[in-house]
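Reminder, nothing fancy here: chain letters follow the sequence lines and each chain counts from 1. Every heavy atom of this structure was used, including side-chain atoms; hydrogens, water molecules and symmetry mates were not.
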Amino acid sequence: MKGPLAGLRGIVLTQAWAGTYATELLGLLGADIVQIEVCKRLDSWRGARDTPLGASLAAVATAEHPWNCNPLYNSVNLNKRCVTLDLQTEAGLDVFRRLLPFADFVAENFSPRVMGNLGISYEEMRAIKPDVILCSLSAYGHTGPWTNAPGIGGTIEPTSGMSALLGYRDGPPLNSGQMYPDAVAGLNGAAGIVTAIFHRDRTGEGQYIDLSMQEANLAFIGEAALEYALTGHVPERMGNRHHTFTPHGIFPCSGENSWIAIACESEDQWNALCTVARQGWAKDARFKDNSTRKTNEDALEASIGDWTASFEQDSLVAELALAGMIAAPVLSGTEVAADAGLRERGIVRDVAHPETGKWAQAGNPMHFSRTPADEVRPAPRLGEHSFEVLSELLGMTEAEYEVLVASGVSGTEPTK
Amino acid sequence: MAKSALEGIRVLDLSASMSGAWCSRMLADFGADVVVVEPPNGHALRKLGPFDGELRSIPAMYVLANKRSVVINEATAGGRERLLAMGRRCDVLVSSVRASELETRGLTYAAFESAGLIMAHVTPWGMTGQRAELPGNDLAVAAVSGWAYINGLADREPLKPNGWQSSFCAGVAAYTAIVAALHHRELHPGEGQEIDVAEVEVMASTYAPALLRAGYHGTAHQRRKEIDMTAGPVPVADGHFALTISRAHFWRDAMNVLGLTDLAEDTRWESSDYRAKHKDAYITRVQERMAEWTKMDLFEELSSRRVIAGPVLTMAELVENAHLREREFWVQADGVRHAGAPFQMSETPWSLRSGPAKPDDNQVIER
């Protein structure tokens, strides 16, 4: 089975992360995602003609073209077909317009002016395909005074309020380790498109979705917005702490950069922690109940950190988990790739790519009993499916396709 | 009244977690009728701080909005039967507990005996596998998914994402899966199914770039050694500001705005490789100039030149933000200002019709 969205098709103009992730999720659910890319201006996540290959790929003989070997692009474009078309040429635009009737939905994450400038605004698409669904993902949305202000994950994080809340209690606002707001926008973009599909199923009507990354991210800190509305208190950075429960933190283990997450959400879990640790906490008046522990949280965390620091991560996690605690290892990228718990359900799996070889990747996080969506295909190489898609959908001949290639409208290499 | 996408869809929310509650909150926001089941001592989320002046849980108020509530005591003779009967009248069930607990409570998918029913399980680790029976939360999920390891500073402890990010991400993924299953059922009447969404898997999915980079590069992505403009927000006159330079023209225009014309005119600096290699020769100078600006002045100046930049805004500033106001992002429910739509739909708009469910709605529900 190919998943609950089998039979649907998206013709998408997504690039970088937010848009490509939204449409990748729909591809993982079984939709046929045809991503239109441009040879003369590559998706920034493909890199460029001279982007250096990752160190592990140096020994991989098939890893020839840097733009097909970028981990950023290849991580968020699973289950897609790539067609290259230069939409700034009349020939390219003509092909796109002929493809449009085969699309159930379109998605794009250009700056807001681009689609109109290309002559493929929502209204222009509707003239060709009246029930089309178009999802635009942009930094600040398609209306309002900031609509033309450019933004990416690294600047939406500050302007959405996320950075002000992320950080150590005694430190400045931080950005996440990798542009988290794009992922939030991608998840919400997929949600918006399936919502529009279900509405079209029942009414035959398409629609336009305007996703502002700033707003999608603000919805994810809506409890902080509500706190300010109800109390007038501007929420602060909390590090790893929780408003209610303690302990709730990340503590050192023996060994370099080795850490354990520990949390107690009940008296039972606290008692279990005291029993395992045998540090006299159960008899310490400062730690008598959750409320006194909260008051003495600095002392409690220091004491827990002193205790955990002499233990090896794996065995401590196992011992605490057995006792019913919330305890988890802090995993690095290489450890996530190898984690048996993540591999056994298929979210982390080896995906074979024709140039880069076989590497651990994150697949589909949504499991279905009746319509299992378990097919995972590698990210497409630049223009890999151009002729396949154009012949399949438009009946284009090889000779007609060669004309597009010869004129630079389509191709499999970045324009020099 | 505007149409809504999920009009007529009935949802019974058995979940007790932020992720389950956000999933059903989205179902409600796009028009489904969501009834949340509470035990006699109240929904688990109502115990979470911070609290307002009336000691109501603020996180619970956010995620239980737009829903109705029914109090059911499963321990009584008729309690479970009532739940099953209500579930059978619904299109969608949302659950947040592990398989063994569902079994004990007699609330498995099979127990509802309803072919068209869609039942979504949103749990920290998933319904099967080696961690399925373990307790978990946002902190633990941040640890195992890889996110904590890359957030924060190299010489400090790893940081979980702020707030309930894993729960919100998993809630949206579960929502997406449910609507995809509704689509399938629309084409194949009577074909309901079970959905299994694990918070840790959704966060692993959002971690995908760092995961594959660790493979291709042979080393895991690490936390930042220091905070400078290449790593996120840096201090300006009245707060913090992110200036992420990628394209050549961003560099030129930004250096001209900051009055550093020698850096703007020397084209070697336009290459990101060159900047990375000679970081010490520009970082301090640029950050010193940035510190002379207020964050909004610098943002206006740079964004008018289409340079990617962003001021760190606090909740107080976001509420006053002219852009969000013009887009009517903030909305009122029961007289309180709430965050609005995560995305705007032209034909079937998101809508917040009521504040949080109250446990005394009982009589409204029983029909």
Side-chain angles (χ1 to χ4, degrees), chain A residues 4 54-56 71 75 144-146 149-150 154-155 158-159 163-166 173 175 177 183 187-188 191-192 194-195 198-199 201 207-208 210-211 216 219-220 222-223 225-230 234 243-244 250 261 326 328 330 332-334 336 341 344-345 347 359 362 365-367 369-370, chain B residues 5 49 52 58-59 62 129-131 135 139-140 143 146 148-151 157-158 162 168 172 176-177 179-180 183-184 186 193-194 196 201-202 204-206 208-210 212-218 220 232 242 244 303 308 310 312 314-316 323 326-327 337 339 342-344 346-348:
Chain A
S56 307
S75 67
W146 286 9
T155 56
T159 59
S163 301
L165 295 171
L166 177 65
N175 275 5
L187 282 163
N188 278 285
V194 290
T195 306
F198 184 60
H199 177 68
D201 289 341
Q207 60 181 312
Y208 177 65
D210 175 14
L211 186 148
F220 274 34
E223 82 291 346
L226 195 55
E227 181 183 353
Y228 178 63
L230 286 164
V234 178
H243 269 287
T244 302
I250 293 179
I326 296 175
V330 173
S332 72
T334 42
V336 168
E344 73 181 315
R345 284 163 50 90
I347 180 65
W359 297 98
M366 295 167 271
H367 304 268
S369 62
R370 188 189 288 275
Chain B
D52 74 350
I58 292 171
Y62 183 50
Q130 60 177 249
R131 292 190 178 98
L139 176 74
Y149 190 88
I150 62 172
N151 278 348
E157 70 276 20
N162 53 286
F168 283 110
V172 176
T176 302
V179 181
H183 160 77
H184 176 83
E186 195 66 21
Q193 57 182 320
E194 276 186 285
D196 178 358
E201 297 189 349
V202 176
S205 166
T206 66
L212 190 55
R213 196 166 40 183
Y216 284 9
H217 286 257
T244 58
S303 58
I308 294 179
V312 173
T314 65
M315 215 34 95
H323 175 71
E326 187 163 320
R327 282 175 60 83
R337 184 183 58 241
F343 44 86
Q344 297 182 6
S346 65
E347 302 305 316
T348 57

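Most heavy-atom pairs under 4.5 Å with chain B: of the set A:His243, A:Gln207, A:Glu223, this distinction falls to A:Gln207. For the set A:Val330, A:Thr334, A:Leu211, the entry with the most heavy-atom pairs within less than 4.5 Å of chain B is A:Val330. Top candidate by heavy-atom pairs under 4.5 Å with chain B, chosen from A:Ala149, A:Gly333, A:Gly222, A:Ala229, is A:Gly222. By number of non-hydrogen pairs under 4.5 angstrom with chain B, the leading residue of A:Asn188, A:Val336, A:Thr244 is A:Asn188. The greatest number of non-hydrogen atom pairs below 4.5 Å with chain B, out of A:Ala183, A:Ala191, A:Ala164, is found for A:Ala191. Interface remark: of the candidates B:Ala214, B:Pro135, B:Ala242, B:Pro135 forms the most heavy-atom pairs closer than 4.5 Å to chain A. Ranked by heavy-atom pairs under 4.5 Å with chain A, the list B:Ala5, B:Pro59, B:Ala148 is led by B:Ala5. With respect to chain B, the highest number of heavy-atom pairs below 4.5 Å among A:Leu226, A:Leu165, A:Val234 belongs to A:Leu226. Of the listed residues (B:Ala220, B:Ala140, B:Ala210, B:Ser205), the one with the most heavy-atom contacts under 4.5 Å to chain A is B:Ser205.
Looking at every heavy atom in both residues, B:Thr176 comes nearest to A:Leu187 through OG1-O, 4.2 Å. Of all the heavy atoms in A:Thr155 and B:Gly310, the pair that sits closest is CG2-N, 3.6 Å. Nearest heavy atom pair, residue A:Ala362 against residue B:Ala204, reads CB-O, 3.5 Å. Between B:Phe168 and A:Ala219, the closest heavy-atom pair is CE2-O, 4.2 Å. Here the closest heavy-atom approach between residue A:Arg345 and residue B:Glu201 is recorded as NE-OE2, 2.8 Å. Closest approach of B:Gly215 to A:Ser56, counting heavy atoms only: O-OG, 2.8 Å.
Of the two parts of B:Glu326, only the side chain, counted from C-beta on, holds a non-hydrogen atom closer than 4.5 Å to a non-hydrogen atom of chain A. The contact between B:Glu186 and chain A is made entirely by side chain atoms (from C-beta outward), counting heavy-atom distances below 4.5 Å. The parts of A:Val194 that come within reach of chain B are both its backbone and its side chain, each placing non-hydrogen atoms under 4.5 angstrom from that chain. Only the side chain of A:Leu230 comes within contact range of chain B, with at least one heavy atom under 4.5 Å from a heavy atom of that chain.
Taking the six-membered ring where the residue is Trp, A:Trp359 and B:Tyr216 present perpendicular rings, their angle passing 60° and hence far from 30°.
Side-chain atoms of B:Ser346 come within 3.5 Å of backbone atoms of A:Tyr208 as a donor-acceptor pair (strictly under, hydrogens ignored). B:Asn151 places a side-chain N or O within donor-acceptor distance of the main-chain N or O of A:Gly177, the cut-off being under 3.5 Å. No donor-acceptor distance shorter than 3.5 angstrom exists from the side chain of B:Thr244 to the backbone of A:Gly154, with no hydrogens or angles considered. For the pair A:Ser369 (side chain) and B:Gln193 (backbone), a donor-acceptor distance under 3.5 Å is absent. Between the B:His323 side chain and the A:Trp146 main chain, a donor and an acceptor come within less than 3.5 Å of each other. The main-chain N or O of B:Gln130 is found under 3.5 Å from a side-chain atom of A:Glu344 such that the two form a donor-acceptor pair.
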Please assess B:Arg327 against A:Asp210 for the test side-chain contact (heavy atoms from CB on, under 4.5 Å), listing each intermediate value before the final yes or no. CA-CA 11 Å; B:Arg327 282 175 60 83; A:Asp210 175 14; 3.0 Å; yes

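With a 4.5 Å cut-off on side-chain heavy atoms, B:Arg337 and A:Tyr228 count as touching. Looking at heavy atoms from C-beta onward, B:Pro209 lies out of side-chain contact with A:Pro71 at the 4.5 angstrom threshold.
No side-chain donor from either of B:Glu194 and A:His367 sits under 3.5 Å from a side-chain acceptor of the other.
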